[in-house]
Structure formats: C-alpha cells, structure tokens
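Note that the structure is predicted; figures quoted are calculated from it, not measured. FYI, the numbering just counts along the sequence from 1.
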Amino acid sequence: MLQTRQYDDAINARFEEFDARYQGLKAADRYFYLKEVVGKVNNRVKLVDGSELVMLASYSYLGLMGHPKIEAAAKEAIDFYGTGAGGVRLLTGNTDLHEKLEARTAAYSKREAAAVYTSGFLTNVAAISALLTPKDMVVMDKLDHASIVDGCLLSGARWRTFRHNDMDHLESILKRAKGKYESTLVVVDSVYSMDGDMCDLPSLRRICDEYGARLMVDEAHSVGALGKTGHGIEEHFDMYGSIDIKMGTFSKAIPSVGGYIAGDAKLVNYLKHNSRPFIFSAGLPPAQCGAAIAALDVIEQEPERVQRLQAVQGEYARGLMELGFDTMETSTAIVPVHIGDEMKTLDLTHKLFERGIFVCPIVHPAVPKGTERLRTCLMATHTEEDLAKIFEMFEKSGKELGII
C-alpha cells in the first residue's frame, strides 16, 4: 500500500486550487475535456455511452482516419518491423523505414531533406533550442503555439514577440536588433490554432530578407488543408521555397503521430546530431512511419479531399455568420466561435453536446479572459446532412442562451 505523505508547501496549494476548480466544473456538468470516444474518429464519433455525435473538433481535416491504404501500410510495417524502434535512432533504432519516411516528407515538402521526431511539440522544441544560442535573437508572433514558446525559452536566446500578424511591429523589432546578434530567427504558425487565420507569408519573407533573418514556419494546421493540392502555406501563396525551416506534424491531416523539420540537407544533418529530442528519444514506431508515408501518398492521389474540405469550411463559416455568430478572422478549416464569456461558452458546449454536436470550449488560460470561444474544425468528410444538423443545433442553442 502506498504511503500517504503530507506536504505543506506551494506545490500542494496549486494542486488544491486546481482540484477545487476541476471538481466544481465536474459537479456543474461543465467539464468537457478528456472525453472518451470509441472507434475511429471521422465526421461522426461514438462516446462510451453509445451516443453518436457530429465531430466538430478533430484535426483530421481530410477524414483519412480508417483509410484502407493507410491502415494496410501500418499493419504491414508491424508485420515486418514489429511494434517499436528499440532505441534512439542515432544509435540502434534507425530503420530503413525511418529513412523512407524522411525522404517522402522531404519530397512532399519540396526540400532537400527532413528530420522526423516523435511528436510535433518536440519538433519545435528540438529545432529552436538546437539552432539558437544566447548570442542570437528569436522573434515570435504573439499567438505562436506553446511548443514554439518553449523552444525559444530553452534556447537561451534573446526572444521578443510581435503583435499578431502585425508586420510593422515585426519590422520595428528587427530594425532595432540589426547588428546586435549573431543570428536572428523569426518563427510563426502557418495557421493559428485558436483563431483560424493565416500568417502573412509574402510580408514575412520580404521583411526577413531585408533584415537578414531566417524564417521558420510551423505548418501543423496547413499541410493537407491549404493550397490547391494540400501542400500547405507555400502552395497557397504560390511561394514555394520561401520558408527556410519548415516544420510539420503527422498527427492532423495525416492520421499518424510525430513531427518533422524539412529544409536544406546541412540544416537537417545538424539537427540530427545536435537536437536533444532527436538524440535522446526512441524512434517513431514502425506502424506510425508506414501510416505517414501512405497518407502523404493518399493526399496527392486524392486531391478531391482537399477541394471538398475547402468547400465545406467556406459553407460552414458563412452559415454560422448568417446565424449571427462571430467567427473572428478565420480563413481556414479552424473556425472559432467567439463568445467572450467563460460560463456562456461552457453552457453552449453543454447544449451542443446534448444535441449531438461534439465541440471543444477554449477558455482562460488557453486564451485571454474575455475571448473565450468554441474552437470548431471542419473535415472533408462532413456531409450536407452534418452541416444542416450543426446549423440547426447552433441556432437553437445560441438563441436559448442569448448569444444570437
């Protein structure tokens, strides 16, 4: 039996404070996180109680979960390689399948090479912390993903943030910093996961060129979702080659897990020998490598999925706006529904769940107080029937709560 110990310190106080909030939300039926689902997640999802809901919170933008080619590739990889890598890739865990995934990722990204990591979060931490030193400066968009922030903090570099998508503010920071640091890196998201808007890639490239800064872009939410064929932010703007360091994940439009950096061969080789998460983490399991390779093939072989996704997201966003909801500045498959009040956000979530719509409430500290929202995500597999149900339930729930 485990021994019970008592601690009278600040850490314990944090536990108690959080637990009181957690238990309060549970008691009020306002806790909507860690929901248990059963089976494969697509446009419809089943909960453990047997109920079926329209999924409006999945990052599986192309609806590739359960695709027969992808599942077959994962099973084939297990049959041949087993279930794990067996070690860190630098020493004992490197297989030809890892190398094939990196070559396929580089080709998809239109870059010389790619380095694959075990998660998207670790990829940003690994790359930024390995590339920078205290003699360098890194500049982030204020709404960059938490993994970018953590990578910047771990690097020891001087870091600054610029106002979201404010290119004049970014330029003023780089202008003041010119000549003061050995190197400068600008890091942004391609698609901002809480607001659903895009970075201004043309302006970013122009400003970085003017001030000699490298540009790194996190493409977690744009690969598979942006561009005519799903090749991301560079295809969307017709600016292939404009990003110096491309980061992406295998866990969103691609139904696997892991992350990658794509770029020049020398950059990738440096990261493989100098980024700690690559050196000290076991390699991706074979099934995940096989699934990711097959998914990249499927995206290119079935471009109609990308076209369907983009049509669905446009119809959905227009429909919500016509009902009177605030979808902020979204232009992507991530469509926030701005509420601006925590309790109303949770109440709307509750009503939608009861009416068969799976949504995610986003509240402080994930977003500033007063900007609480639902974050909804579209999939290529959403049907007209799904959209009709979504609009009906949003309208009923929004009117009952006085939101619209």
So among Gln307, Arg305, Glu300, Glu235, which one has a side chain to side chain donor-acceptor pair (under 3.5 Å) with Thr229?
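Exactly one candidate clears the test, Glu235.
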Supply the atom-to-atom distance Leu204 CG to Glu171 CD, rounded to the nearest 0.5 angstrom.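 Leu204 CG to Glu171 CD: 11.0 Å, rounded to 0.5 Å.
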Could you tell me whether the side chain of [Y] reaches within less than 4.5 Å of the side chain of [X], counting heavy atoms only?
{"X": "Val125", "Y": "Tyr117", "answer": "no"}
{"X": "Ser60", "Y": "Val41", "answer": "no"}
{"X": "Val306", "Y": "Lys228", "answer": "no"}
{"X": "Asp136", "Y": "Leu185", "answer": "no"}
{"X": "Leu201", "Y": "Ile243", "answer": "yes"}
{"X": "His145", "Y": "Met247", "answer": "no"}
{"X": "Ile245", "Y": "Leu131", "answer": "yes"}
{"X": "Asp19", "Y": "Phe15", "answer": "no"}

* Before giving the answer on side-chain contact (heavy atoms from CB on, under 4.5 Å), spell out for Ser58 and Met379 the whole-Å C-alpha distance, their side-chain angles and the decisive distance to 0.1 Å. => CA-CA 8 Å; Ser58 173; Met379 303 170 68; 4.1 Å; yes
### Query
Which is it for Arg373 and Thr345 under the side-chain contact (heavy atoms from CB on, under 4.5 Å) test, yes or no, and what are the steps along the way?
CA-CA 6 Å; Arg373 69 200 68 175; Thr345 300; 5.8 Å; no
Are the charged groups of [X] and [Y] less than 4.0 angstrom apart, N to O?
{"X": "Glu234", "Y": "Lys246", "value": "yes"}
{"X": "Arg158", "Y": "Glu182", "value": "no"}
{"X": "Asp168", "Y": "Arg163", "value": "no"}

Between [X] and [Y], is any side-chain donor less than 3.5 angstrom from a side-chain acceptor?
{"X": "Ser147", "Y": "Asp150", "value": "no"}
{"X": "Arg355", "Y": "Ser397", "value": "yes"}
{"X": "His221", "Y": "Asp189", "value": "no"}
{"X": "Asp197", "Y": "His164", "value": "yes"}
{"X": "Tyr81", "Y": "Asp96", "value": "yes"}
{"X": "Ser172", "Y": "His169", "value": "no"}

ask   = In terms of the angle between their ring planes, are Phe32 and Phe353 parallel, tilted or perpendicular, with boundaries placed at 30° and 60°?
value =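 Parallel.
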- Assign the ring pair Tyr59 / Tyr61 to parallel, tilted or perpendicular, where the plane angle (0 to 90°) is split at 30° and 60°.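 Ring orientation, 0 to 90° scale: tilted.
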(request) Check the pair Arg104, Asp297 against side-chain contact (heavy atoms from CB on, under 4.5 Å), reporting the backbone distance first and the verdict last. (result) CA-CA 9 Å; Arg104 185 68 184 91; Asp297 292 340; 2.7 Å; yes
One pair to check against side-chain contact (heavy atoms from CB on, under 4.5 Å): Ile299 and Glu302. What are the steps and the verdict? CA-CA 5 Å; Ile299 293 172; Glu302 301 179 17; over 6 Å; no
Using only atom types and a distance under 3.5 Å, with no angle test, would you say the side chain of [X] pairs donor to acceptor with the backbone of [Y]?
{"X": "Glu36", "Y": "Leu47", "value": "no"}
{"X": "Thr161", "Y": "Asp141", "value": "no"}
{"X": "Thr376", "Y": "Val335", "value": "yes"}

Quick check on salt bridge (charged side-chain N to carboxylate O under 4.0 Å, His left out): which of Arg205, Arg111, Arg214 does Asp244 satisfy it with?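 Per the salt bridge (charged side-chain N to carboxylate O under 4.0 Å, His left out) rule, the option paired with Asp244 is Arg205, out of Arg205, Arg111, Arg214.
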**OP:** Would you sort out whether Arg89 and Glu99 count as a salt bridge (charged side-chain N to carboxylate O under 4.0 Å, His left out), showing the intermediate values?
**Re:** CA-CA 10 Å; Arg89 288 184 57 198; Glu99 300 288 341; 3.8 Å; yes
| said: Set out, in order, the CA-CA distance, both residues' side-chain angles and the distance that settles salt bridge (charged side-chain N to carboxylate O under 4.0 Å, His left out) for Glu17 and Arg21, then state yes or no. | reply: CA-CA 7 Å; Glu17 181 182 0; Arg21 174 172 166 76; over 6 Å; no
query = Quick one: are the ring centres of His382 and Tyr316 less than 6.0 Å apart?
reply =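 Not under 6.0 Å, so no.
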